[in-house]
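Comments concern the structure below.
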Amino acid sequence: METQKETKFEQFLQWLQFNRVELRGCEIRYCDSSKGFGLFSASHASDGVLLVVPLDLAITPMRVLQDHTLGPECRVMFDEGDVDDRFLMILYLTVERLRKNSSWKPYLNMIPSTFRNPLWFTDDEMQELRGTTLYRATELQKKNLQSIFEDKVKDLVTRVLVLDGNSESEVTFEDFLWANSVFWTRALNIPLPRSYVFPEIQEADGCFSNLALNSEDSCSSTSCTDVVDSKDEKSSELLRDDGGANGVILNSTHGETLWVEGLVPGIDFCNHDLKAAATWEVDGTGSVTGVPLSMYLLSANQDSSRLEKEITISYGNKGNEELLYLYGFVIEDNPDDYLMVHYPVEALQNVSFSESKSQLLDAQKAEYRCLLPRSLLDHGFFPECCSGNISKDKPIIDRVCNYSWSGERKTPSYKNKLVFPEDFLTSLRTISMQEDELFKVSSLLAELVECEEERQPSDVEVRAAVWEACGDSGALQLLVDLLNKKMMDLEAGSGTEDSDSELLENANVIDVPAGNGRVETTGSNEHKLMGKNSYARVKKTAELCVQATETIRLDRVARSRWP
């Protein structure tokens with residue numbers, strides 16, 4: 001088996017060399033079972049260039065459309081508006097995995113056959129996620145992918161393989177699931193020269209006229225919106241011209257660049273680290289690398305003492321739920337971890353006066369969820385510096401003015417100290433309004449625009465009316481209810497708060513794969529072993545209990561201050 005792996009590795013290195021990939025200051029080596037292969041510094045590069053890859057080797061939407069059998073089929077789907085660029089690359093990977101004589105075989109053979117993200121979890125491992133947003137997102141995503149496979153992928157891939165003379169190969173859902181995971185774990189934002197993406201002859205022919213380079217609603221990520229922040233710096237913002245993507249420094253002229261997602265063999269072997277050791281750049285003219293139209297890896301540290309050290313890049317500031325969902329790993333004490341609190345939109349139809357409240361929520365441009373950085377919650381729902389003014393550079397905290405028409409309802413002193421964003425609190429105020437408060441809001445808004453028949457109240461004015469009518473009492477109580485529900489969901493697999501505390505005290509945390517934590521009982525003595533994922537879940541439950549207590553106290557304080 002080891003000989004087979006070594007043979008595949010040697011074939012891959014030869015494939016890289018054949019395709020003009022230059023390993024200048026690095027080498028590809030096996031890290032460990034959790035990371036797989038990675039890049040390591042091998043020699044000191046005076047210019048800091050570690051690796052150079054011709055852009056022609058990248059797997060991009062343009063390459064898929066140029067495929068002799070798959071390309072025409074994809075153009076038809078684009079014309080019908082059925083697919084986006086991400087789907088194209090996932091489809092291409094599925095086909096190339098099954099093609100007998102694929103030119104990509106040496107590269108694809110280096111990619112794991114299974115992955116560690118939740119889409120590959122067993123039923124027992126999925127139980128470890130119960131009560132988290134990740135659990136529901138994974139279930140929905142897998143159903144969505146299964147539907148896409150049956151509706152769009154299965155017959156198309158079979159047809160393409162037949163055209164290639166490979167009628168005996170049969171595509172399975174696991175092939176498509178594998179391709180989906182390859183894309184989401186390895187794709188990078190590539191800053192390409194516009195002339196490379198849209199050559200004049202192809203622009204004239206209209207070959208790429210329907211290519212959705214800025215597709216926000218990928219068919220392969222529809223159901224992960226509850227867990228993955230929309231500001232995904234590695235796998236969104238596909239079309240930009242300002243060179244501001246995470247981990248990338250652009251060697252190009254402003255206004256002549258298109259950001260396109262794709263796989264870049266070699267560079268995609270870099271693993272993640274909070275302190276990246278390298279960034280990737282595109283050399284359009286060859287002035288830096290000597291290789292025109294190439295992508296290269298640039299060392300962020302010119303210290304020669306870093307030889308033999310792993311070369312890492314940053315996948316972006318992501319919490320552990322997002323990292324596990326996309327890449328299959330988590331970071332201990334992740335500074336970018338966050339707590340998501342959300343009100344389920346589907347529950348709105350069950351509240352009183354739901355139609356009127358929905359209209360008010362739309363008018364206020366309200367948000368139904370908020371993401372709170374873990375570090376912000378170290379001291380409950382008030383930052384550590386709550387006795388003074390909060391620094392203006394903390395984006396999570398929104399400031400509000402005194403909205404009151406009458407002057408009777410003053411802005412509470414805690415308003416600029418509370419960690420919850422105003423957009424989210426706006427939603428909770430509206431949802432929790434009573435009948436008399438709703439009537440008062442209508443009266444205030446009618447009075448505001450009575451002299452201007454066609455004028456509609458602005459979102460700020462609607463928020464002011466809601467604030468005047470009901471303040472924060474109902475919103476804070478609803479917040480407590482949402483947190484209690486979240487705690488109950490999380491506790492479903494770990495018992496009560498008291499048992500959580502006991503479990504944390506007695507647990508021996510070990511580094512085991514997700515879902516493999518266990519409790520072994522021998523006689524009267526219990527030796528408790530807990531995987532890191534299980535430990536983190538129980539620990540989060542305990543933290544939520546403390547935070548909920550802080551919120552209840554806040555609610556009581558608020559009630560005592562209002563008229």
Side-chain angles (χ1 to χ4, degrees), residues 13 16-17 19-29 31 35 37-60 107 185-197 232-235 237-238 240-318 327:
L13 292 179
L16 289 176
Q17 185 177 14
N19 286 285
R20 299 179 293 116
V21 175
E22 301 177 12
L23 301 174
R24 295 187 179 180
C26 68
E27 62 181 9
I28 300 174
R29 296 203 322 238
C31 297
K35 287 185 176 182
F37 284 85
L39 285 184
F40 290 81
S41 56
S43 61
H44 180 63
S46 59
D47 58 359
V49 176
L50 303 169
L51 173 66
V52 182
V53 182
L55 288 176
D56 287 341
L57 192 60
I59 298 177
T60 61
Y107 168 62
T185 56
R186 307 182 83 86
L188 299 170
N189 270 344
I190 311 173
L192 297 177
R194 182 178 182 84
S195 59
Y196 182 84
V197 180
D232 183 351
E233 294 163 337
K234 189 184 178 189
S235 55
E237 296 187 11
L238 309 188
R240 294 177 49 174
D241 63 0
D242 59 1
N246 178 72
V248 184
I249 303 173
L250 182 60
N251 179 27
S252 181
T253 304
H254 180 79
E256 298 181 358
T257 300
L258 297 178
W259 292 83
V260 180
E261 282 183 307
L263 277 68
V264 186
I267 292 180
D268 66 343
F269 279 82
C270 287
N271 291 309
H272 169 70
D273 196 277
L274 295 174
K275 296 181 179 179
T279 58
W280 65 92
E281 305 183 16
V282 164
D283 186 1
T285 63
S287 60
V288 176
T289 64
V291 183
L293 292 175
S294 64
M295 187 167 173
Y296 62 99
L297 201 63
L298 183 67
S299 174
N301 190 328
Q302 300 297 323
D303 186 359
S304 59
S305 65
R306 291 187 59 82
L307 295 181
E308 303 296 320
K309 299 292 185 179
E310 184 174 6
I311 300 168
T312 56
I313 60 176
S314 172
Y315 294 178
N317 300 327
K318 296 176 173 63
Y327 310 109

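Quantities reported herein were computed from a predicted structural model and do not represent experimental measurements.
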| query | Under 3.5 Å, is there a donor-acceptor pair between the side chain of W280 and the main chain of I190? | reply | no

| task | With sequence neighbours excluded, tell me which residues meet side-chain hydrogen bond (donor to acceptor under 3.5 Å, both in side chains) with N271. | result | E310

| If you take all heavy atoms of G284 and P193, which pair is closest and at what distance? | CA-CG, 4.4 Å

| message | If the condition is salt bridge (Lys or Arg N to Asp or Glu O under 4.0 Å), which residues does R24 pass it with, not counting sequence neighbours? | response | E22

| request: Measure up the Y327 and Y315 rings against each other and bin them: parallel (under 30°), tilted (30 to 60°), perpendicular (over 60°). | output: tilted

| task | List the atom of V282, the atom of Y296, and the distance in Å for their closest heavy-atom pair. | result | C-CE2, 4.1 Å

| Does L188 reach the side chain of I313, with side-chain heavy atoms less than 4.5 Å apart? | yes

| message | How about CZ on R20, more than 12 heavy atoms from neighbouring residues, nucleotides or ligands closer than 6.0 Å, or not? | response | no

| note | Taken to the nearest 0.5 Å, the spacing of M295 CE from T289 OG1 works out to 12.5 Å

| remark: For F40, the ring-ring contact (aromatic ring centres under 6.0 Å, His included) test, sequence neighbours excluded, returns none

| request: Could you tell me whether the side chain of L51 reaches within less than 4.5 Å of the side chain of I311, counting heavy atoms only? | output: no

| task | Flag the pair S294 / V53 as yes when at least one side-chain heavy-atom distance between them is below 4.5 Å, and no otherwise. | result | no

| Main-chain N/O of V49 paired with D47 side-chain donor or acceptor, under 3.5 Å | yes

| request: To the nearest 0.5 Å, tell me how far T312 OG1 sits from K275 NZ. | output: 11.0 Å

| Side-chain heavy-atom pair V52, D283 within 4.5 angstrom cut-off | no

| query | What's the shortest heavy-atom distance between A300 and A276, and which atoms? | reply | CB-O, 4.0 Å

| L298 and side-chain contact (heavy atoms from CB on, under 4.5 Å): which partner among V288, T279, L50? | T279

| query | Given side chains that start at C-beta, do those of L297 and L39 come closer than 4.5 Å, heavy atoms only? | reply | yes

| request: Any chance you could measure E261, atom CD, to R186, atom CZ, to the nearest 0.5 Å? | output: 15.0 Å

| field | Close side-chain approach of L263 and Y107, heavy atoms under 4.5 Å | value | yes

| said: As an exercise, state the distance from CG of D273 to OG of S314, rounded to the nearest 0.5 Å. | reply: 8.5 Å

| request: Determine the minimum heavy-atom distance between P265 and A58, stating which atoms define it. | output: CD-CA, 4.4 Å

